[in-house]
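Encoded as structure tokens, the structure appears first; notes follow it.
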Amino acid sequence: MPELPEVETIRKGLVPVLSGRRLVLVTARREDLRVPLPPNFNDRLTGRRVRILRRRAKYLLVDLDGGETLIVHMGMSGRFTVHQPGISSRPGSFVHKMREDGSGAGKHDHVVFETDAGSRVVFTDHRRFGLMLLANTEELDNHELFAGLGPDPLDDAFTAALLSSALAGKRAPIKAALLDQRVISGLGNIYVCEALFRARISPKRLGASVAGVRAARLVPAIKEVLEAAIIAGGSTLRDYARADGELGYFQHHFSVYDREGLRCPRKGCKGTVRRIVQSGRSTFYCPVCQR
DNA sequence: ACGAGAACCTGTTTGC
DNA sequence: TGCAAACAGGTTCTCG
């Protein structure tokens with residue numbers, strides 16, 4: 001579950017479990033994620049205390065004592081679950097009752113963190129597009145993963161003027177441009193579709209043509225959809241049949257994403273949501289009110 | 001240099 | 001029912 005709102009939801013969920021806690025045991029059960037885990041991963045993390053959990057774009061940053069930061073990207077299918085002894089799972093939580101021999105031992109449970117409070121945090125990622133790296137906390141801003149990232153859309157510095165200048169000269173469709181993390185960092189396929197719908201902008205429009213009044217509509221549309229999704233706890237798609245694995249419910253508020261053939265939800269619009277493919281990814285939009 | 005497409009990997013859904 | 005193709009929330013590499 002990996003766009004900005006989902007990562008932010010995960011971060012908030014992990015804070016009470018990890019913040020200030022010591023990692024008494026870290027176990028990587030598979031080393032070959034998108035990028036191989038750093039050498040001696042388990043030993044370098046075991047015994048460290050967690051200071052702060054931060055987020056940059058779609059990256060989760062776990063600052064540790066000793067001056068290092070664990071960088072986590074969830075890829076397409078990465079998820080965290082928390083397991084605690086003797087707790088009864090609440091609906092809508094990602095906290096599970098711990099099974100002494102089972103939690104973290106699933107086929108795609110790749111990294112297991114145990115804390116000094118007895119909690120177990122499990123990173124699961126069946127497609128293995130996720131990533132975990134260690135980096136010097138002080139030099140994080142210069143890290144190659146972050147050096148080229150565009151502005152965070154929730155930052156006050158992200159304005160229509162900034163977006164317009166980032167889009168200047170872009171011949172790619174605005175849909176593709178917004179997925180480019182060098183232009184703006186944190187959006188993915190869902191929230192790009194939803195933000196363009198809110199701003200009444202066609203996903204096929206040239207990136208460079210989104211300036212002036214259109215950029216002035218798009219910036220608040222992006223901020224609003226992300227903020228609403230964060231409040232809802234992000235979106236939970238497909239799988240996760242178990243109710244206690246659910247995190248967010250924003251998927252019930254989608255206007256266009258995954259709604260091909262349904263009526264456009266905009267008041268007064270008689271359009272039908274269409275699905276097209278751009279740069280190999282599905283785009284959902286209303287061809288009537290998005291221009 | 002830019003943009004489109006493929007590749008990475010596994011699981012689920014869809015269509016014949 | 002069975003099997004193959006299409007598709008899935010991301011990023012990065014290659015090619016034209």
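Lettering follows sequence order; numbering is per chain, from 1. Given the structure is predicted, the values throughout are model-derived calculations rather than measurements.
Contacts of A/R128 with the nucleic acid, taken as non-hydrogen atoms under 4.0 Å apart, involve only primed sugar atoms and P, OP1 or OP2. Residue A/R182 is classed as having no contact, given no heavy-atom separation below 4.0 Å to the nucleic acid. Here A/P5 lies out of heavy-atom contact (under 4.0 Å) with every strand.
A cation-pi arrangement is found for A/R266 relative to A/F197, the charged atom lying closer than 6.0 Å to the ring centre and inside a 45° cone about the ring normal.
With respect to A/R128 and A/D32, a salt bridge is recorded, a charged nitrogen being found less than 4.0 Å from a carboxylate O.
Within the structure, every side-chain polar atom (N or O) of A/K107 is placed at least 4.0 Å from both OP1 and OP2 of B/dT10. Under 4.0 angstrom from either OP1 or OP2 of B/dA4 there lies no side-chain N or O belonging to A/R171. Between A/S279 and B/dG5, a side-chain N or O to OP1/OP2 separation shorter than 4.0 Å is absent. The shortest distance between the side-chain N/O atoms of A/S77 and the OP1/OP2 oxygens of B/dC9 is not below 4.0 Å.
In DNA chain B, runs of at least 3 stacked Watson-Crick or G-U pairs (N1-N3 plus N6-O4 or O6-N4, or N1-O2 plus O6-N3, all under 3.5 Å) give these stems: B:2-8 with C:10-16, B:10-16 with C:2-8.
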Contacts under 3.5 angstrom, residues 18-25 of chain A side chains, donor-acceptor by atom type, not counting sequence neighbours:
{"from": "A/S19", "atom 1": "OG", "to": "A/R51", "atom 2": "O", "distance (Å)": "3.3"}
{"from": "A/R21", "atom 1": "NE", "to": "A/D116", "atom 2": "OD1", "distance (Å)": "2.7"}
{"from": "A/R22", "atom 1": "NH1", "to": "A/G47", "atom 2": "O", "distance (Å)": "2.6"}

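Looking at A/R44 and A/P38, their side chains come closer than 4.5 Å, going by heavy atoms from C-beta outward. Between A/P5 and A/Y191 there is a side-chain heavy-atom pair separated by less than 4.5 Å.
Other residues sharing a hydrophobic cluster with A/I71 under the 4.5 Å side-chain heavy-atom criterion for ILVMFWY residues are A/V35, A/Y59, A/L61, A/L131, A/L133, A/L140, A/L145, A/F146, A/L149. Under the 4.5 angstrom side-chain criterion for Ile, Leu, Val, Met, Phe, Trp and Tyr, A/V288 has no cluster partners at all.
Summarising the geometry, the separation between NE2 on A/H110 and P on B/dC8 is reported as 17 Å, rounded to the nearest angstrom. What separates CD of A/E260 from P of B/dT13 is a distance of 18 Å, to the nearest Å. If you measure from atom CG of A/D258 to atom P of B/dT13, you get 12 Å, rounded to the nearest angstrom. Rounded to an integer number of Å, the gap from NE2 of A/H108 to P of B/dC8 is 18 Å. In this structure, A/H126 atom NE2 and B/dT10 atom P are separated by 10 Å, rounded to whole Å. Following rounding to the nearest Å, A/M74 (CE) and B/dT10 (C1') show an atom-to-atom distance of 17 Å. Atom-to-atom, CD of A/Q251 to C1' of C/dA8 comes out at 15 Å; the value is rounded to the nearest Å. Summarising the geometry, the separation between CE on A/M76 and P on C/dG10 is reported as 6 Å, rounded to the nearest angstrom.
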Walk along nucleotides 11-16 of chain C from 5' to 3' and tag each nucleotide B, S or - by protein heavy-atom contact under 4.0 Å, base first, then sugar-phosphate. BS----
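Straight-line distance between the P atoms of C/dA5 and B/dA7: roughly 15 Å, to the nearest whole Å. For B/dT10 and C/dT1, the C1' atoms lie 23 Å apart once the distance is rounded to whole Å. With P as the reference atom, B/dC9 and C/dC13 are 14 Å apart, rounded to whole Å.
Among residue pairs with one or both ends in residues 148-164 of chain A, those qualifying as salt bridge (charged side-chain N to carboxylate O under 4.0 Å, His left out) are A/R55-A/D152; sequence neighbours excluded.
Residue ring and nucleobase are stacked for A/F129 and B/dC8, with a centre distance beneath 5.5 angstrom and an angle between planes beneath 30°.
Within 6.0 Å of CZ in A/R171 there are 12 or fewer heavy atoms belonging to other residues, nucleotides or ligands.
Under 3.5 Å, the side chains of A/N42 and A/T27 contain no donor-acceptor pair of N or O atoms.
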